[in-house]
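Structure first, commentary second.
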Number of protein chains: 2
Amino acid sequence: MPQKLLAFHRHNHTHCVSSALAEAQELCNERGARLTPLRRQVLELIWQSHIPLGAYALMDQLAELTTRRVAPPTVYRALDFLLEQGLVHRIHGLNAFIGCPTPGEHHQSEFLLCRDCGVAKEIDSEELSQAIRIVAEADGFLVENNSVEVTGLCPNCRPKDDAPHERA
Amino acid sequence: MPQKLLAFHRHNHTHCVSSALAEAQELCNERGARLTPLRRQVLELIWQSHIPLGAYALMDQLAELTTRRVAPPTVYRALDFLLEQGLVHRIHGLNAFIGCPTPGEHHQSEFLLCRDCGVAKEIDSEELSQAIRIVAEADGFLVENNSVEVTGLCPNCRPKDDAPHERA
DNA sequence: ACCCATGTGTTACTATATAGCCTCACTATA
DNA sequence: TATAGTGAGGCTATATAGTAACACATGGGT
Ligand SMILES: [Zn+2]
Ligand SMILES: [Zn+2]
Ligand SMILES: [Zn+2]
Ligand SMILES: [Zn+2]
């Protein structure tokens with residue numbers, strides 16, 4: 001299983017980062033898009049964890065790294081580029097951004113968000129997208145884009161109440 | 001069919017408003033919650049159409065109606081109350097609020113959003129919620145709340161390309 | 001050399017949301 | 001009746017998120 005789909009489990013995250021960056025570079029090359037140093041750096045910062053990162057947090061980290069002041073437009077422009085290229089997704093409910101583990105393929109923005117540890121896991125379920133399409137079409141609605149943000153507790157943070165039998 | 005589920009179709013919207021307000025009052029009575037004049041007025045303003053309304057737009061309208069200055073906390077507190085009572089939903093992708101046509105029942109926040117006319121229609125599909133639960137459970141994720149915002153074109157705004165046969 | 005397109009720096013600003021404090025009205029006791 | 005508690009809402013200020021507009025730089029084509 002690809003590391004990048006293991007957000008909720010212990011995994012070699014260094015591999016997530018390096019493969020995300022490599023894939024991004026490759027995609028941009030194919031498309032003639034320019035993954036500039038700034039854009040790459042922003043992407044790398046977003047991939048530092050599986051927890052969505054806000055634009056201003058990103059800005060601060062960037063400022064520390066470059067030891068220069070970084071203004072909002074700088075980071076928002078980089079984010080816009082990454083969003084256009086499908087390399088990151090925006091999590092509206094958190095005003096934050098998260099790296100896409102499967103860029104390149106057109107897909108929707110569908111996430112499980114743990115309210116305790118903050119980790120976001122992208123879900124890519126044909127059944128789910130299908131269910132949405134069916135509901136929409138029943139209303140004569142033409143779907144262009146969907147955003148699913150499911151909040152709850154990830155396997156690490158949910159109570160282990162499977163066997164609460166008070167065994168002495 | 002209840003008026004309030006006809007967002008995309010011509011309907012007697014006055015009835016949406018009056019029944020929403022009546023239902024809200026009833027629910028609040030049952031629960032011992034206080035639907036104060038301000039809260040009622042905010043709810044009524046939100047129900048003025050099926051287009052989600054931003055907090056600041058709401059504020060301005062409220063200020064005009066009362067001919068007094070209205071500060072953000074006033075409207076946000078009313079909105080918080082209405083959200084808690086499940087009388088309105090927040091549309092994160094638009095930073096806006098919309099009346100709930102079926103308050104009382106516990107349900108998720110799932111919407112079709114027309115990017116052209118702006119109308120939002122709440123969808124209440126057990127299949128969709130089910131699909132989400134299944135996907136989440138496959139990851140060991142405990143769902144607490146889900147937010148689905150499907151963007152596209154409503155039946156009125158989508159191109160009528162069903163029979164584009166260029167008949168003279 | 002020049003032009004042009006694209007990316008980034010910079011300032012200023014708009015938009016959205018919250019913190020904290022005060023007063024008022026209502027209610028529950030003493 | 002006094003009085004303390006509670007919750008709603010007015011108010012100022014502030015925090016957080018996102019954008020507009022202009023200046024400058026680079027790099028490629030002519
Ligand atoms: Zn990882
Ligand atoms: Zn993705
Ligand atoms: Zn209506
Ligand atoms: Zn609802």
Side-chain angles (χ1 to χ4, degrees), chain A residues 24-25 28-29 31-46 51-85 87-98 118 147 149, chain B residues 24-25 28-29 31-46 51-85 87-98 118 147 149:
Chain A
Q25 186 63 64
C28 287
N29 288 346
R31 297 170 180 166
R34 295 175 52 194
L35 188 61
T36 64
L38 175 65
R39 290 165 174 175
R40 167 191 300 275
Q41 193 171 26
V42 167
L43 183 58
E44 185 167 5
L45 282 172
I46 288 177
I51 300 176
L53 189 59
Y56 278 70
L58 188 48
M59 239 181 66
D60 293 344
Q61 295 191 19
L62 211 48
E64 269 200 44
L65 286 177
T66 63
T67 65
R68 288 204 343 271
R69 189 171 164 270
V70 174
T74 299
V75 55
Y76 276 104
R77 282 186 296 228
L79 286 169
D80 287 344
F81 172 85
L82 296 171
L83 286 168
E84 273 167 27
Q85 299 298 322
L87 298 170
V88 308
H89 294 285
R90 172 184 229 121
I91 309 289
H92 281 106
L94 301 173
N95 290 330
F97 303 84
I98 187 76
S147 153
E149 298 178 8
Chain B
Q25 186 63 64
C28 288
N29 288 346
R31 297 171 180 166
R34 295 173 51 193
L35 187 61
T36 64
L38 174 66
R39 291 165 174 175
R40 169 191 300 276
Q41 193 170 26
V42 166
L43 182 59
E44 186 168 3
L45 282 171
I46 288 177
I51 300 176
L53 190 58
Y56 278 72
L58 190 45
M59 240 182 67
D60 292 344
Q61 295 191 20
L62 212 48
E64 268 199 44
L65 286 177
T66 63
T67 64
R68 287 205 343 270
R69 188 172 165 270
V70 175
T74 300
V75 54
Y76 277 103
R77 281 187 295 229
L79 287 169
D80 287 345
F81 172 84
L82 297 172
L83 287 168
E84 273 167 26
Q85 298 299 323
L87 298 170
V88 307
H89 294 285
R90 178 192 287 262
I91 309 289
H92 280 108
L94 301 173
N95 290 329
F97 303 83
I98 187 76
S147 153
E149 299 178 8

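Numbers restart at 1 for each chain; the letters A, B, ... are given by sequence-line order, proteins then strands.
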Exercise. Expressed in angstrom and rounded to an integer, what is the separation of L35(A) atom CG from dT6(C) atom P?
Worked result: 17 Å
For this session: Would you name the heavy atoms of P52(B) and G118(B) that are closest together and state the gap between them?
Result: CD-O, 3.3 Å
For this session: Using only side-chain N and O atoms of R69(B), determine if any of them is under 4.0 Å from OP1 or OP2 of dG10(D).
Result: no
Problem set entry | Length of the CG-P vector between L38(B) and dC11(D), whole Å | 12 Å
Problem set entry | Atom pair distance, as rounded to whole Å: CG in L79(B) and P in dG9(D) | 12 Å
Problem set entry | Whole angstrom value for the distance that separates P of dA17(D) from CG of L58(A) | 12 Å
Problem set entry | Pair of N/O donor and acceptor under 3.5 Å linking dG10(D) base with R77(B) side chain | yes
For this session: Just compare dT19(D), dT11(C), dA17(C) and give me whichever is closest to any side-chain atom of A71(A).
Result: dT11(C)
Problem set entry | Closest to side chain of R68(B), choosing from dG18(D), dG10(D), dT8(C) | dG10(D)
For this session: Would you confirm whether R90(A), through its side chain, and L83(A), through its main-chain N or O, come within 3.5 Å as a donor-acceptor pair?
Result: no
Problem set entry | Nearest-nucleotide 5' precedence on DNA chain D, N95(B) against V70(B) | V70(B)
Exercise. What integer distance in Å separates H92(B):NE2 from dT16(D):P?
Worked result: 17 Å
For this session: Starting from P on dA15(C), measure out to CZ on F97(B) and report it in whole angstrom.
Result: 16 Å
Exercise. Quick one: which of dT11(C), dT19(D), dA17(C) gets closest to the side chain of Y76(B)?
Worked result: dA17(C)
For this session: Whole angstrom is fine here: how far is it from CE in M59(B) over to C1' in dA17(C)?
Result: 11 Å
Exercise. Quick one: is dG18(D) close enough that its OP1 or OP2 comes under 4.0 Å of any side-chain N or O from R90(A)?
Worked result: yes
Exercise. Between dT10(C), dG7(C), dA17(C), which one does the side chain of T36(A) approach most closely?
Worked result: dG7(C)
For this session: Apply the side chain to side chain contact (heavy atoms under 4.5 Å, CB included) test between V42(B) and each candidate in L58(B), T74(B), V88(B); give the one that qualifies.
Result: L58(B)
Seminar exercise, completed: With the side chain defined as heavy atoms from C-beta on, P73(A) is closest, among dT8(C), dT18(C), dT19(D), to dT19(D)
Exercise. Any side-chain heavy atom of Y56(A) sitting closer than 4.5 Å to one from V75(A)?
Worked result: no
Problem set entry | Nucleotide nearest Y56(A) (side chain, heavy atoms from C-beta), chosen from dA17(D), dT8(C), dA17(C) | dA17(D)
Exercise. Counting just side-chain N and O atoms, does T74(B) come under 4.0 Å of either OP1 or OP2 of dG10(D)?
Worked result: yes
Exercise. Do L79(B) and F97(B) pass the side-chain contact (heavy atoms from CB on, under 4.5 Å) test, and can you show the C-alpha distance, the side-chain angles, and the key distance before you say yes or no?
Worked result: CA-CA 8 Å; L79(B) 287 169; F97(B) 303 83; 3.7 Å; yes
Exercise. Is there a donor N/O on one and an acceptor N/O on the other, under 3.5 Å, for the side chain of R34(A) and the base of dG27(D)?
Worked result: no
